[in-house]
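See below for the structure under consideration.
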Amino acid sequence: VFVLVVGGGKVGYYLTRELLGSGHEVVLMEKDRARASQIADEVGSIVVAQDGCEGKYLGEAGCSRADIVAAVTGDDEDNLVICQMAKHHFDVPRTIARVNNPKNEGLFRHLGVDEIISPTRMILGSIEQDIPVHELLHLAALGESDLEIIEAQLNEGSPAVGKTAAELAIPDGCSLFAVVRENVATPLRSDTVLSVGDKVIAIGKADCDVQLRQALLGEVPA
Amino acid sequence: VRIVIVGCGRVGAVLAETLDRDGHDVVVVDLTTRAFDRLPDDFKGQAIRGDGTDEDVLRRVGAENADVLLALTEGDNRNVMAAQLALETLGIAKAMAKVNDPVRAAAYAELGVATICRTTLMVDALDGFLGLAPTGLPSVIPAVAPHHTPVTATGGEG
């Protein structure tokens with residue numbers, strides 16, 4: 001497979017190396033001459049020290065016989081133009097673009113870029129997967145004591161939903177004292193029935209964490 | 001007419017000034033506030049700092065209700081992207097991108113983005129000054145196809 005890689009930053013450099021390693025034919029375009037020759041010293045004379053956005057140089061780099069063009073510069077607008085030129089001007093069957101602003105994904109797809117890789121989106125996705133861990137937030141430590149103010153967000157499936165505060169198995173050294181419902185905080189009474197979306201504010205020792213998670217979030221201790 | 005100008009360089013600024021003077025509703029966007037020094041003191045339009053290739057920024061400056069977007073920054077690709085955002089995402093009826101690479105200028109006109117190419121424009125002007133025949137290359141290229149209809153002429157997958 002002949003792959004034309006545009007952009008000799010970290011991504012382009014490692015991509016080129018990996019592709020060469022798996023026996024593909026690769027040409028890398030990098031407009032910065034110093035960077036281009038630095039890479040060429042290592043991977044050989046497959047580096048074209050020209051701007052891959054410029055139609056003339058894309059042609060000279062063999063774009064019209066490329067099977068895949070991968071646009072991996074740091075600039076979304078450059079990557080878009082590289083892919084569009086490759087696709088519509090040079091008839092490249094498959095174009096891949098790196099996208100930094102997740103908002104641009106839709107536009108790129110709409111304009112015919114075949115594959116869109118968004119590092120921002122990937123990291124975001126990974127962080128969002130972690131969010132359940134943060135259903136229990138340690139808000140503040142109280143003075144020199146080992147007491148903390150803790151906030152727990154009750155989601156669907158929490159064992160506390162539908163129960164009153166008195167019915168919950170709250171660990172020793174811990175007490176629930178307020179509930180935030182639709183952004184309004186009210187003191188939590190023993191007969192307050194908890195519901196989905198409530199944020200329960202507790203005060204307790206830092207080492208109550210595991211039991212509090214079990215009571216409010218239904219997490220099974222690891 | 002409501003006009004959004006992306007890029008407040010010499011061309012953008014002079015254009016903004018004349019359009020404003022003619023009574024049009026002008027919004028100028030540039031990455032640096034310094035660029036707005038080029039605008040006259042009595043400029044009545046809006047000058048907003050921001051990235052004209054960012055959809056959120058364009059929406060914030062009210063580009064959705066614009067009749068025309070002119071992308072006149074130093075970067076061909078930024079211009080092409082701003083113009084395509086205007087046509088495709090914001091539903092602006094008319095957009096033109098300054099594209100100084102003649103190959104890209106012609107290619108984008110075929111893709112439905114009107115382009116203006118300073119390179120051929122100036123070469124033709126200089127040829128005229130020297131008494132030579134013009135290159136015959138187009139410098140202001142209207143969109144050939146409506147933007148983003150599948151391009152089949154070149155055999156691309158579209």
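The chains referred to below are lettered A, B, ... by the order of the sequence lines, with proteins before strands, and numbering in each begins at 1.
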OH (B/Tyr108) and CD (A/Gln84) are apart, to the nearest 0.5 Å, by 3.5 Å
So does A/Arg181 have more than 12 non-hydrogen atoms from other groups sitting under 6.0 Å from CZ?
yes
Measure the spacing between CD of A/Glu77 and CG of B/Asp76 and express it to the nearest 0.5 Å.
11.0 Å
Mind checking which of residues 95-108 of chain A sit less than 4.5 Å from chain B, heavy atom to heavy atom?
A/Asn101, A/Lys103, A/Asn104, A/Leu107, A/Phe108
Does the side chain of B/Thr89 come within less than 4.5 Å of A/His110's, by heavy atoms?
no
Heavy-atom check, side chain of A/Met85 versus side chain of B/Val103, under 4.5 Å:
yes
Applying a heavy-atom distance below 4.5 Å, give me the residues of residues 51-72 of chain A that approach chain B, sorted by number.
A/Cys53, A/Glu54, A/Gly55, A/Lys56
What residue in B/Arg78, B/Met81, B/Arg104 has the most heavy-atom pairs under 4.5 Å with chain A?
B/Arg104
Those residues of residues 28-49 of chain B that come under 4.5 Å of chain A on a heavy-atom basis, listed by number, are none
Could you list which of residues 18-33 of chain A have a heavy atom closer than 4.5 Å to any heavy atom of chain B, in residue-number order?
none
Rounded to the nearest 0.5 Å, what's the gap from CD1 on A/Ile82 to CG on B/Asn77? Could you check?
7.0 Å
